[in-house]
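As structure tokens, the structure follows; a few thoughts come after it.
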Amino acid sequence: MSQQNLLIEMFFDHDSSTFSYVVADKATGQATIIDPVLNYDAAAGAVSTIDADKMLAFLKANNLTLQWVLETHAHADHLSAAHYLKQQTGASIAIGEGIRKVQQTFKVVFNLSDQELLAKGDYFDKLFADNEEFQIGGIKAKVINTPGHTNDSVSYLIAGNLFVGDSLFMPDAGTARCDFPGGDAHILYRSIQRIYQLPEETVIYMCHDYQPNGRELLYKTTVAEQKQHNIHVKADTVEADFVARREARDRTLAVPRLIYPSVQVNIRGGQLPQAEANGSRYIKIPLKGAL
Ligand SMILES: N[C@@H](CCC(=O)N[C@@H](CS)C(=O)NCC(=O)O)C(=O)O
Ligand SMILES: [Fe+2]
């Protein structure tokens, strides 16, 4: 596949520090969107599609047809616009098959019945297996399972470009937290070893950048850079050291601001909970602490 046919356009959501991407085959005009954000004002309970509409406008301006909406994982910090994009374009929503485990975990957290969780059949059109290959137009793409941050985390390898979700951040930020239900620092370490076996020049695209020490926003790096400079896991870092470092940091992190709204919607592929008898939809938040 010629790199010349590959188009990659980055979009950034300031509110959640999330990168989303349009990846397209210019030869056929077929495109995919990776990790789209549905804007959400938690205080008002208001959703909007400002970010997703920018991506749709980009597709239109470039005569691209949306074939796939790919999720790197069920995000815990922002809502997904996958369902909205599918409604607008007819694209198929895909995620790693580990989403089944994530759904089961959060079914318990949110006390959802099977009927509530899968009320409209399946929310995902395609569940990818490890190493599964698929096409974006004429471009070959491959799924690499990279669990650890979550059970369903995958990376998408598209013509020498790797969309890693949260498995790796920029070298000066390290890696994602492993303290969500189903997260495991040992497993993340092994996933990162898989990534580090890819060719050194493989370009790695971030899903987030929190701009440590106020540096400028950065969204891509390479396998070589990560192996040399990643503050949590370099080429020669052993598993026990990584796990100790990761777990120590996890103990300092607050629960993400939008974890409950996000997970509730994202295990449903970005569909909002069903309307109740009065026509309104509600987000559930499990309360903690005794009264
Ligand atoms: N302050 C952010 C934190 C978001 C967060 O926890 N992000 C996850 C990825 S979903 C992470 O791995 N963060 C690592 C870190 O903050 O060091 C929020 O509330 O949304
Ligand atoms: Fe995440």
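Atoms within a ligand are numbered from 1 in the order they appear, just like the ligands themselves.
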Heavy-atom contacts with Ala176 under 4.0 Å: which atoms of ligand 1 show up? List them by number with element.
-> 12 (O)
With rounding to the nearest 0.5 Å, note down the distance linking CD in Gln226 to NE2 in His229.
-> 10.0 Å
Compute the shortest N/O to N/O distance between Asp77 and ligand 1 and return yes if it is under 3.5 Å, no if not.
-> no
Which atom, counting only N, O or S, brings His73 closest to the Fe ion (ligand 2)?
-> NE2
Taking both backbone and side-chain atoms of Arg246, is any N or O found less than 3.5 Å from an N or O belonging to ligand 1?
-> no
To the nearest 0.5 Å, how far apart are OG1 in Thr150 and CG in Asp166?
-> 8.0 Å
N or O pair under 3.5 Å between His73 and ligand 1 | no
Please state which part of Arg249 comes within less than 4.0 Å of ligand 1, counting heavy atoms only: side chain, backbone, both or neither.
-> side chain
Ligand 1-proximal atoms of Pro256, by part, heavy-atom distance under 4.0 Å | both
Is any NZ, NE, NH1 or NH2 atom of the basic residue among Asp77 and Arg177 found under 4.0 Å from an Asp or Glu carboxylate oxygen of the other?
-> no
Test ring-ring contact (aromatic ring centres under 6.0 Å, His included) applied to Phe169 - qualifying residues, sequence neighbours left out = Tyr210
Protein non-hydrogen atom found under 4.0 Å from atom 2 (C) of ligand 1 | no
Considering only the protein, which heavy-atom contact is closest to atom 10 (S) of ligand 1, and what is its distance?
-> Asp166 OD2, 3.2 Å
Any nitrogen or oxygen of Arg177, main chain or side chain, under 3.5 Å from a nitrogen or oxygen of ligand 1?
-> yes
In Asp166, the N/O/S atom nearest the Fe ion (ligand 2) carries the name OD2
Interfacing atoms of ligand 1 (cut-off 4.0 Å, heavy-atom, His149) | 9 (C), 10 (S)
Here the atoms of ligand 1 under 4.0 Å from any heavy atom belonging to Phe169 are 11 (C), 12 (O), 14 (C)
Output for pair (Ser20 OG, His78 NE2), nearest 0.5 Å, gives 6.0 Å
Can you list the atoms of ligand 1 that are under 4.0 Å from a heavy atom of Arg257?
-> 18 (C), 19 (O), 20 (O)
Parallel under 30°, tilted from 30 to 60°, perpendicular over 60°: which one fits the rings of Phe134 and Trp68?
-> perpendicular
Output the list of atoms in ligand 1 that are nearer than 4.0 Å to some heavy atom of Tyr210, sorted by atom number.
-> 4 (C), 5 (C), 7 (N), 8 (C), 9 (C), 13 (N)
For residues Phe11 and Phe19, establish whether the separation of their ring centroids is below 6.0 Å.
-> no
Do the charged groups of Asp122 and Arg100 touch, with an N to O distance under 4.0 Å?
-> yes
Examine all N, O or S atoms of His208, backbone included, and report whether one is under 2.8 Å from the Fe ion (ligand 2).
-> no
Please work out whether the ring planes of Tyr21 and Tyr219 are parallel, tilted or perpendicular, with thresholds of 30° and 60°.
-> tilted
Test salt bridge (charged side-chain N to carboxylate O under 4.0 Å, His left out) applied to Glu239 - qualifying residues, sequence neighbours left out | Arg190
